[in-house]
Amino acid sequence: MITLCAIASGSNGNCYYIGNEREAVLVDAGISARRISARMHQQQLDPEKVKALFISHEHADHASGARVLAKKLMIPVYITARTFVAMYPNHKPMAPRFFEPASSVGIGSFMVHPFLKNHDAAEPCSFRIEYNGIHIGVFTDIGSICDRVIRNLQLCHALFLETNYDERMLWEGNYPWPLKKRIASDHGHLSNDQAFELLNNHAGNQLKTVFVSHLSAENNNPETVKNRFSELESRFNIYLTSRHAAGEVVRLNGEE
Ligand SMILES: [Zn+2]
Ligand SMILES: [Zn+2]
C-alpha cells in the first residue's frame with residue numbers, strides 16, 4: 001500500500017507526502033514546519049514515519065520550512081550541493097545530505113530518482129519515487145517539457161503535476177510584464193494547457209492518479225483546471241490540491 005497526500009500545493013508553498021505502512025518521504029517543505037505537522041495530524045499521517053525530506057530547489061515555496069522541519073522530525077534533508085549554496089541562510093538545513101541529479105537515493109524501501117528540470121533555479125530537480133513496483137512522480141516548477149520529464153512520466157502510476165497558470169488569466173492579469181514573461185518562459189512554470197498536452201500525449205497506461213498541483217493564486221483557479229482536464233477524467237482520477245489545507249489522502253495498492 002502506498003499513501004499519497006499533497007500537504008500543501010500552490011505557488012506560495014509546497015509539501016508532498018509519499019509513504020507506505022512503515023516509512024515515508026516528503027518532497028519539499030515550503031510552508032512552516034508547524035503547519036506541515038498540523039496538516040499531517042489532521043490527515044492522520046504519522047510524522048514518525050517520515051525518514052527523509054527532499055528539496056527540489058531553493059525557492060521559498062519549496063524550501064522555507066526545511067531547516068526547522070528537519071530539526072523537529074530529526075530527519076536528513078537531501079539536496080543538491082548547488083541548491084544548498086543557493087538557499088537563503090535561514091532556510092539552510094544543518095546537516096544536508098547531498099545527492100547528484102540523475103543518481104538514485106534509497107530511503108528504506110523507497111528508491112528516489114531525481115532528475116534535472118527546466119526552471120530558473122540553481123540546480124532544480126523533479127523526482128520519481130519507486131516502491132514495490134509503483135512509481136510516483138512529483139513534477140512541479142517546470143518551464144518546458146524535456147525528454148527526462150517524458151521518460152519519467154511514462155513510468156508513473158501516480159503523479160503530482162504542476163498546472164500553474166491559465167494562459168488567458170496570465171496574459172490578461174495584473175502581473176507586471178517581466179513577471180508574466182518569466183512565468184511563461186522555458187524556465188518558468190507549466191500552464192494548464194502544457195500539463196494537459198503532456199498527460200494526453202505521454203502518460204503510460206498504468207497512470208491512473210493525477211494530482212493537479214502548484215496552482216497560481218493569481219493566474220489560475222481549481223474550477224478552471226477541473227474544466228480543462230474534464231476530457232481526461234475517463235482515463236485518470238484527477239485530484240485537486242490546495243494551498244490552504246492538506247489535500248485528500250489517496251491510497252494505491254502495490255504489486256505485492
Ligand atoms: Zn514553486
Ligand atoms: Zn520555483
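Atoms within each ligand, like the ligands themselves, are counted from 1 in listed order. Just so you know, these numbers come straight off a predicted model, no measurement behind them. Here, residue 1 is the first one in the sequence, and each next residue gets the next number.
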Visitor: Parallel, tilted or perpendicular: which fits the ring planes of Phe99 and Phe127, with parallel below 30° and perpendicular above 60°?
Guide: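 The rings of Phe99 and Phe127 stand perpendicular, inter-plane angle above 60°.
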Visitor: So, Lys226 and Glu233, do they make that salt bridge, N to O below 4.0 Å?
Guide: yes
Visitor: Between the Zn ion (ligand 2) and His62, is there an N, O or S atom separated by less than 2.8 Å?
Guide: no
Visitor: Can you say whether the rings of His119 and His59 are parallel (under 30°), tilted (30 to 60°) or perpendicular (over 60°)?
Guide: perpendicular
Visitor: By atom name, which N, O or S atom of His57 is the nearest to the Zn ion (ligand 2)?
Guide: NE2
Visitor: Look at His189 and state whether any of its N, O or S atoms is less than 2.8 Å from the Zn ion (ligand 2).
Guide: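 Under 2.8 Å: His189 has no N, O or S contact with the Zn ion (ligand 2).
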Visitor: Is there a continuous path of hydrophobic side-chain contacts, each under 4.5 Å between heavy atoms, that joins Leu159 to Val27?
Guide: no
Visitor: Would you check if the Zn ion (ligand 1) lies under 2.8 Å from any N, O or S atom of His59?
Guide: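 No N, O or S atom of His59 is closer than 2.8 Å to the Zn ion (ligand 1), so no.
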Visitor: Hey, is there an N, O or S on His214 sitting under 2.8 Å from the Zn ion (ligand 1)?
Guide: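 Yes - counting backbone and side chain alike, His214 has an N, O or S atom under 2.8 Å.
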Visitor: Which atom name would you report as the N, O or S atom of Asp61 nearest the Zn ion (ligand 1)?
Guide: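 Going through the N, O and S atoms of Asp61 one by one, OD2 ends up nearest to the Zn ion (ligand 1).
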Visitor: Within 45 degrees of the axis of the six-membered ring of Phe196 and under 6.0 Å from its centre: does Arg228 put its NZ or CZ there?
Guide: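 Yes, cation above the ring, under 6.0 Å and within 45°.
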Visitor: Taking the six-membered ring for Trp, are His91 and His62 ring centroids under 6.0 Å apart?
Guide: no
Visitor: Do you know which N/O/S atom name in Asp141 is closest to the Zn ion (ligand 2)?
Guide: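 Minimum-distance N/O/S atom of Asp141 relative to the Zn ion (ligand 2) is OD2.
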